[in-house]
Amino acid sequence: MLSREVETLRINVSQLPVYQIGSYLQQIGYTQATDEIEILVNHLLDTFDYVRLCLDVGTKIYPQIGLECYFEQQSGLDPRWSPFLNDLVAKGLCTPEKRDALIAWVGYTTPSTSKEPWASHLIAESLLQPPDSLSVLQRGLSHIKITYKPQYPLEAKHIWDSFTVG
């Protein structure tokens with residue numbers, strides 16, 4: 001993790017039942033209180049389908065905890081994104097401009113709608129398809145990462161992605 005000031009390894013823990021997060025953190029040697037984390041995770045699961053726990057581990061388990069929040073629907077715009085992003089704006093964790101940009105990001109790009117020249121590898125891939133096929137880039141929101149650090153305000157990081165469809 002070259003961007004970090006200390007040598008750490010990022011550990012992402014998936015499929016951990018929410019009710020076990022506090023005891024899991026204590027079992028692995030997390031020295032901070034876990035009550036606030038458990039409340040935060042339960043609140044996030046009122047909105048999201050699942051939460052991935054992200055830990056920085058070095059000579060100790062560092063107090064900063066990441067919570068990557070996902071919707072199972074990864075195609076199109078899940079209707080729960082807008083109210084959640086509005087809530088982030090209300091809490092000062094996201095600007096209205098970034099919220100609007102995130103929502104506007106979701107969609108499709110084709111060679112005819114792209115503002116940039118179509119990537120050569122996509123052109124080559126399309127030439128191998130039937131004549132009525134066309135490569136399309138689908139743009140979507142992957143997840144939101146909420147960062148918890150004891151005695152600091154929460155932070156939100158928005159992750160968007162795109163992938164080729166057809």
Side-chain angles (χ1 to χ4, degrees), residues 1-5 8-18 21 25 32 34 36-57 62-123 125-126 133-166:
M1 314 236 39
L2 299 176
S3 65
R4 290 179 171 60
E5 295 176 17
T8 62
L9 178 64
R10 169 66 45 89
I11 305 291
N12 292 336
V13 182
S14 299
Q15 300 180 355
L16 181 66
V18 176
I21 286 179
L25 288 169
Q32 305 293 317
T34 60
E36 288 182 342
I37 296 169
E38 291 170 336
I39 291 168
L40 178 59
V41 169
N42 282 317
H43 174 70
L44 291 170
L45 280 177
D46 285 344
T47 303
F48 290 92
D49 295 321
Y50 61 97
V51 175
R52 177 181 295 147
L53 182 66
C54 304
L55 307 165
D56 289 335
V57 179
Y62 290 92
Q64 179 172 305
I65 299 287
L67 301 167
E68 293 181 350
C69 308
Y70 294 86
F71 292 124
E72 286 183 9
Q73 177 182 331
Q74 290 291 309
S75 178
L77 184 66
D78 189 296
R80 296 171 289 179
W81 274 116
S82 291
F84 183 74
L85 292 171
N86 289 337
D87 189 46
L88 290 181
V89 169
K91 292 177 179 172
L93 297 173
C94 179
T95 65
E97 295 80 14
K98 189 172 240 185
R99 173 204 53 209
D100 296 345
L102 286 165
I103 290 171
W105 167 251
V106 177
Y108 296 91
T109 302
T110 66
S112 62
T113 62
S114 178
K115 295 176 184 174
E116 300 295 326
W118 206 240
S120 58
H121 73 280
L122 294 176
I123 293 171
E125 214 173 280
S126 291
S133 291
L134 176 67
S135 60
V136 174
L137 291 177
Q138 180 179 354
R139 302 180 313 275
L141 301 178
S142 172
H143 62 282
I144 296 280
K145 183 175 184 178
I146 304 294
T147 301
Y148 168 85
K149 190 172 183 179
Q151 302 174 2
Y152 285 86
L154 293 175
E155 296 176 12
K157 181 178 180 182
H158 315 88
I159 310 298
W160 41 28
D161 61 8
S162 60
F163 52 92
T164 306
V165 181

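The figures that follow rest on heavy atoms only: side chains count, while hydrogens, waters and symmetry mates do not. We count residues from 1, following the sequence as given.
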Apply side-chain hydrogen bond (donor to acceptor under 3.5 Å, both in side chains) to Lys149 and list each qualifying residue two or more places apart in sequence or on a separate chain.
-> none
Between Trp105 and Gly140 the two heavy atoms that sit nearest each other are NE1-O, 3.2 Å
Would you please name every residue forming a side chain to side chain contact (heavy atoms under 4.5 Å, CB included) with Thr110, sequence neighbours left out?
-> Ser112, Thr113, Leu134, Val136
Rounded to the nearest 0.5 Å, the CG atom of Leu67 sits from the CZ atom of Phe48 at a distance of 11.0 Å
Run the numbers on Leu40 and Ile65 for side-chain contact (heavy atoms from CB on, under 4.5 Å), then give the verdict.
-> CA-CA 11 Å; Leu40 178 59; Ile65 299 287; over 6 Å; no
Rounded distance (nearest 0.5 Å) linking atom CD1 of Ile21 with atom CG of Leu45 | 7.5 Å
Correct closest heavy-atom pair for Arg139 and Ala104 would be NH2-O, 4.3 Å
Below 4.5 Å, heavy atoms only, C-beta onward: do Val57 and Thr8 meet side chain to side chain?
-> no
Does a side-chain heavy-atom distance below 4.5 Å link Ile144 with Leu44?
-> no
Ignoring hydrogens and angles, tell me if any N or O in the side chain of Thr34 forms a donor-acceptor pair with the backbone of Ile37 under 3.5 Å.
-> no
Can you run down the salt bridge (Lys or Arg N to Asp or Glu O under 4.0 Å) pairs that involve residues 100-119, sequence neighbours left out, and say none if there aren't any?
-> none
Classify the ring geometry between Trp81 and Phe71 as parallel (under 30°), tilted (30 to 60°) or perpendicular (over 60°).
-> perpendicular
For Asn86, check side-chain hydrogen bond (donor to acceptor under 3.5 Å, both in side chains) against everything at least two apart and list the hits.
-> Arg99
Sequence neighbours excluded, the answer for side chain to side chain contact (heavy atoms under 4.5 Å, CB included) partners of Ser14 is Arg52
Considering all heavy atoms of both residues, which atom of Ser135 and which atom of Pro111 are nearest to each other, and what is their separation?
-> O-CD, 3.6 Å
Which atom of Cys69 lies closest to which atom of His143, heavy atoms considered | O-CB, 3.0 Å
Excluding sequence neighbours, so at least two apart, what forms side chain to side chain contact (heavy atoms under 4.5 Å, CB included) with Asp87?
-> His43, Lys91
Nearest heavy-atom pair of Gly66 and Lys145: which atoms, and what distance?
-> CA-CE, 3.9 Å
Of all heavy-atom pairs linking Arg10 and Cys54, the shortest is CD-CB, 3.9 Å
Any pair counted as salt bridge (Lys or Arg N to Asp or Glu O under 4.0 Å), so long as it reaches residues 40-51, sequence neighbours left out = Asp49-Arg80
side-chain hydrogen bond (donor to acceptor under 3.5 Å, both in side chains) partners for Glu38, two or more places apart | none
side-chain hydrogen bond (donor to acceptor under 3.5 Å, both in side chains) partners for Glu36, two or more places apart = Tyr148
Does Leu53 reach the side chain of Val41, with side-chain heavy atoms less than 4.5 Å apart?
-> no
So, do Thr147 and Lys157 sit near enough that their side-chain heavy atoms are less than 4.5 Å apart?
-> no
Output the distance between atom CD1 (Ile11) and atom CG (Leu9), rounded to the nearest 0.5 Å.
-> 4.0 Å
Who are the side chain to side chain contact (heavy atoms under 4.5 Å, CB included) partners of Gln73, not counting sequence neighbours?
-> Asp78, Pro79
